[in-house]
Undergrad: 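Here's a structure for you.
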Amino acid sequence: MNRMTKTVWLIAAGMLLMKAGTQAGVNLPEPYMKMAVLWQKAAETSDWLSVYTWVGPGNAVSNYCTPLGLRTSTWQRTSVAIGDGDGDRRNEIWFTEQEQGTHNDRITAYSWEGPNQALVQVFQSDVDSSEWDNISIAVGDADNNGSPDVFTVQLGPVGTVSNADRVAAFTWDGPGHALGWNTYVEQDSGNNAWSAWNNQSVSIGDVNNDGSNKVMIVAHSGNTDLFRFYRWAGPGNKLTSYDSDRGIDTTSWSKIALSIGDANNDGTNEIATVWQEIQYDPRDDEINMFRWTGPGNNPVEVQHALIGSYNDTVNELDVAIGNLDNFAPRGSVIVIR
């Protein structure tokens, strides 16, 4: 093996090691995967994104940086996701946004280089003024074909039975490009005939740690909500059920958002959920952590009220798990010259 061949081989091996570390979530000396929480304060015209690290069940979160202020206009962020939307191996931070008092909504994406750095916008969709409002977003390889997908939950016009909803799929080729329309992968119409269940939030990831991504949705009806698990075969296909409805809750607390990811870098993905007290006091909200071993099993709560408290002035709206600042752990790539 000559010198040049050895260098190329070692670079390739180092990249494979780095990829293995990011995918497997090996315990790393520095915070790699983080949790980003989108929140608002009562009576303030601003949105905030707090970023935390977590070492696992039984431990509190730690602040990764000071909260990032987001809103200075009438546009309110309604959900957040972390993912590599264009396949360039760098994650973006994605938001759905709503213009207050209207049906105008849009999707934006930002890059972030970490603490003490500003968010840099890399994408903004056209404003959609229809009565179908994007209320949740997820980014990931939903059909396991090696290319990323962008999913949104869209809430239908007020006045339809149960407020109809649908899940839409898009592609994105990077900055300077619009979202490419794909298909509706699930619609609360047709076979469902405007069912009483409303999809609240969507996430893409290997939720049961078997090596393949699934699509997970939180659905709500009256005083009951649940987790739903799906597979997707790609463009032109609808979601197909992967397991029975799980995590059924009938209290006044509702699961309003979720995210799949390895929040504590131990090699096992968790489900982070935002719960809100919808019947008595919506100021009561918290983020709970679950793990799921697969079909036939219920998700198991591994930490309760990790973030959030009763009667505070902060409302948690959404949570996202991921490497939002594209942090590369030291020692992942070895180059010999």
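All values reported here derive from a predicted model rather than from experimental measurement.
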Undergrad: Any donor-acceptor pair under 3.5 Å linking the side chain of Asn145 with the backbone of Ser147?
TA: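 Yes, because the side chain of Asn145 sits within donor-acceptor range (under 3.5 Å) of the backbone of Ser147.
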Undergrad: Check the pair Val215, Arg231 against side-chain contact (heavy atoms from CB on, under 4.5 Å), reporting the backbone distance first and the verdict last.
TA: CA-CA 6 Å; Val215 177; Arg231 286 192 183 276; over 6 Å; no
Undergrad: Got a sec, which residues hit side-chain contact (heavy atoms from CB on, under 4.5 Å) with Pro148, two or more places apart in sequence or on another chain?
TA: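 Not a single residue meets the side-chain contact (heavy atoms from CB on, under 4.5 Å) criterion with Pro148.
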Undergrad: When rounded to the nearest 0.5 angstrom, what distance separates OG in Ser136 from CG in Asn199?
TA: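 These two atoms lie 9.5 Å from each other.
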Undergrad: Are any of the side-chain heavy atoms of Pro235 and Thr171 separated by less than 4.5 Å?
TA: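 SC-SC contact between Pro235 and Thr171 ruled out.
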Undergrad: Is a donor on one side and an acceptor on the other found under 3.5 Å between the side chain of Asn91 and the backbone of Asn323?
TA: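 Checked: pair present.
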Undergrad: Would you mind reporting whether Phe229 and Asn208 have side-chain heavy atoms less than 4.5 Å apart?
TA: no
Undergrad: Would you please say whether a donor-acceptor pair under 3.5 Å links the side chains of Thr74 and Gln100?
TA: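 The criterion, which ignores hydrogens and geometry beyond distance, is not satisfied for Gln100 and Thr74.
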Undergrad: Pairing donors with acceptors under 3.5 angstrom, does anything connect the side chains of His220 and Ser254?
TA: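 Yes - a donor-acceptor pair under 3.5 Å links their side chains.
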Undergrad: Give the minimum heavy-atom separation between Pro57 and Gln303, together with the two atoms involved.
TA: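 For Pro57 versus Gln303, the nearest heavy atoms are CA-OE1, 3.1 Å.
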Undergrad: Where does the angle between the aromatic ring planes of Trp112 and Tyr64 fall among parallel (under 30°), tilted (30 to 60°) and perpendicular (over 60°)?
TA: perpendicular
Undergrad: Would you say that Leu155 contacts Trp132 through its side chain, given a criterion of any heavy-atom pair below 4.5 Å between the two side chains?
TA: no
Undergrad: Go through Ser212 and Asp210 one step at a time and tell me if the side chain to side chain donor-acceptor pair (under 3.5 Å) criterion holds.
TA: CA-CA 6 Å; Ser212 67; Asp210 69 349; 3.3 Å; yes
Undergrad: Against Ile217, only a single residue in Val153, Leu239, Asp165 fulfils side chain to side chain contact (heavy atoms under 4.5 Å, CB included); can you say which?
TA: Leu239
Undergrad: If Ile, Leu, Val, Met, Phe, Trp and Tyr residues are connected whenever their side-chain heavy atoms lie under 4.5 Å apart, and connections chain through other members, are Phe290 and Val55 in the same group?
TA: no
Undergrad: If you measure from CD1 on Ile260 to NZ on Lys214, what distance do you get to the nearest 0.5 Å?
TA: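 Here the rounded value is 9.0 Å.
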Undergrad: Checking the side chain of Gln98 only, and the main-chain atoms of Thr102 only, is there a donor and an acceptor separated by less than 3.5 Å?
TA: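 Yes, because the side chain of Gln98 sits within donor-acceptor range (under 3.5 Å) of the backbone of Thr102.
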Undergrad: Not counting sequence neighbours, which residues clear ring-ring contact (aromatic ring centres under 6.0 Å, His included) with Trp172? List them please.
TA: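 ring-ring contact (aromatic ring centres under 6.0 Å, His included) check on Trp172 returns Trp94, Phe123.
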Undergrad: Got a sec, which residues hit side-chain hydrogen bond (donor to acceptor under 3.5 Å, both in side chains) with Tyr110, two or more places apart in sequence or on another chain?
TA: Arg77, Gln121
Undergrad: Determine, step by step, whether Leu119 and Leu70 satisfy the side-chain contact (heavy atoms from CB on, under 4.5 Å) criterion, reporting the C-alpha distance in whole Å, the side-chain angles of both residues, the deciding distance to 0.1 Å, and the verdict.
TA: CA-CA 9 Å; Leu119 291 169; Leu70 300 174; 3.3 Å; yes
Undergrad: For the side chain to side chain contact (heavy atoms under 4.5 Å, CB included) test, which of Val319, Leu317, Ile93, Thr96 pairs with Val80?
TA: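 When side chain to side chain contact (heavy atoms under 4.5 Å, CB included) is applied between Val80 and each of Val319, Leu317, Ile93, Thr96, only Ile93 qualifies.
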Undergrad: If you look at every heavy atom in Asn297 and Trp292, which pair is closest and at what distance?
TA: O-NE1, 2.6 Å
Undergrad: Which atom pair, heavy atoms only, marks the closest approach of Arg246 to Gly296?
TA: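 In terms of heavy atoms, the two residues are closest at NH2-CA, 3.2 Å.
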Undergrad: Rounded to the nearest 0.5 Å, how far apart are CD of Glu186 and CH2 of Trp232?
TA: 13.5 Å
Undergrad: Is the shortest side-chain heavy-atom distance between Phe227 and Val218 below 4.5 Å?
TA: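 Yes, side chains in contact.
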Undergrad: Determine yes or no for a side-chain-to-main-chain donor-acceptor pair under 3.5 angstrom, with Asp249 supplying the side chain and Asp225 the backbone.
TA: no
Undergrad: Which atoms form the tightest heavy-atom contact between Val202 and Ala138, and what is the distance?
TA: O-CB, 3.5 Å
Undergrad: Asp47 and Gln40: side-chain donor and acceptor closer than 3.5 Å?
TA: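 A pair is found: one side chain offers a donor N or O, the other an acceptor, under 3.5 Å apart.
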Undergrad: Which distance, rounded to the nearest 0.5 Å, do you find between the CD of Glu97 and the CH2 of Trp75?
TA: 7.0 Å
Undergrad: Using the test ring-ring contact (aromatic ring centres under 6.0 Å, His included), find all partners of Tyr230 that sit at least two apart in sequence or belong to another chain.
TA: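 ring-ring contact (aromatic ring centres under 6.0 Å, His included) check on Tyr230 returns nothing, list empty.
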Undergrad: Is there a side-chain contact between Glu277 and Asp285 (heavy atoms, below 4.5 Å)?
TA: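 Answer no - side chains too far apart.
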Undergrad: Decide yes or no for Phe151 and Ile204: does some side-chain heavy atom of the first lie under 4.5 Å from some side-chain heavy atom of the second?
TA: yes
Undergrad: Identify which one of Asp128, Asn134, Asp105, Asp133 satisfies the side chain to side chain donor-acceptor pair (under 3.5 Å) criterion when paired with Gln154.
TA: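 Single pass found, and it is Asn134.
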Undergrad: Please name the pair of heavy atoms, one in Ala263 and one in Glu270, separated by the smallest distance, quoted to 0.1 Å.
TA: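 Reported closest heavy-atom pair: N-OE1, 2.9 Å.
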Undergrad: side-chain contact (heavy atoms from CB on, under 4.5 Å) with Leu226: which residues, sequence neighbours excluded?
TA: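 Here the qualifying residues are Trp197, Ala219, Arg228, Asp245, Ile248.
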Undergrad: Can a donor-acceptor pair be found between the side chains of His304 and Glu286 at a distance below 3.5 Å?
TA: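 Side chains of His304 and Glu286: pair found under 3.5 Å.
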Undergrad: Of all the heavy-atom pairs spanning Ser203 and Ser259, show the shortest one and how long it is.
TA: OG-CA, 3.5 Å
Undergrad: Taking the six-membered ring for Trp, are the ring centroids of Trp275 and Trp253 within less than 6.0 Å of each other?
TA: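 Aromatic pair excluded; centres sit 6.0 Å or further apart.
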Undergrad: Show, in sequence, the C-alpha distance, side-chain angles and deciding distance for Ser201 and Lys255, and conclude whether the side-chain contact (heavy atoms from CB on, under 4.5 Å) test is met.
TA: CA-CA 9 Å; Ser201 181; Lys255 308 176 185 78; over 6 Å; no
Undergrad: Using the ring of each side chain (for Trp, its six-membered ring), is Phe327 parallel, tilted or perpendicular to Tyr32, with breaks at 30° and 60°?
TA: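 Aromatic pair Phe327/Tyr32 classed perpendicular.
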Undergrad: Does a side-chain heavy-atom distance below 4.5 Å link Asn116 with Thr66?
TA: no
Undergrad: Is Asn209 reaching over with its side chain to a backbone N or O of Gly211, donor-acceptor style, under 3.5 angstrom?
TA: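 No, because the side chain of Asn209 does not come within donor-acceptor range (under 3.5 Å) of the backbone of Gly211.
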Undergrad: State the OG1-CD1 distance between Thr78 and Ile137, to the nearest 0.5 angstrom.
TA: 9.0 Å
Undergrad: Please check: side-chain N/O of Asp262 versus main-chain N/O of Gly267, any donor-acceptor pairing under 3.5 Å?
TA: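 Yes: the side chain of Asp262 pairs with the backbone of Gly267.
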Undergrad: Compare all side-chain heavy atoms of Arg106 with those of Gln124 and state whether any distance is below 4.5 angstrom.
TA: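 Answer yes - side chains close enough.
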Undergrad: Ignoring hydrogens and geometry, is there a side-chain-to-backbone donor-acceptor pair from Lys238 to Tyr184 under 3.5 Å?
TA: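 Here the side-chain-to-backbone pair exists.
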Undergrad: Donor-acceptor check, side chain of Asn288 to backbone of Ala305, threshold 3.5 angstrom: yes or no?
TA: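 Yes; at least one donor-acceptor contact below 3.5 Å.
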Undergrad: Looking only at side chains, do Ser50 and Trp39 share a donor and an acceptor under 3.5 Å apart?
TA: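 Side-chain D/A pair, Ser50 to Trp39: present.
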Undergrad: With sequence neighbours excluded, tell me which residues meet side-chain contact (heavy atoms from CB on, under 4.5 Å) with Ala36.
TA: Leu49, Ile82, Leu324
Undergrad: Please step through side-chain contact (heavy atoms from CB on, under 4.5 Å) for the pair Val302 and Met289, ending with a clear verdict.
TA: CA-CA 6 Å; Val302 296; Met289 304 299 291; 3.8 Å; yes
Undergrad: Would you check if the side chain of Asn213 reaches a backbone N or O of Asp206 as a donor-acceptor pair within less than 3.5 Å?
TA: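 Checked: pair present.
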Undergrad: Measuring from Arg90:CZ to Ser111:OG, what's the distance to the nearest 0.5 Å?
TA: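 Arg90 CZ to Ser111 OG: 7.5 Å, rounded to 0.5 Å.
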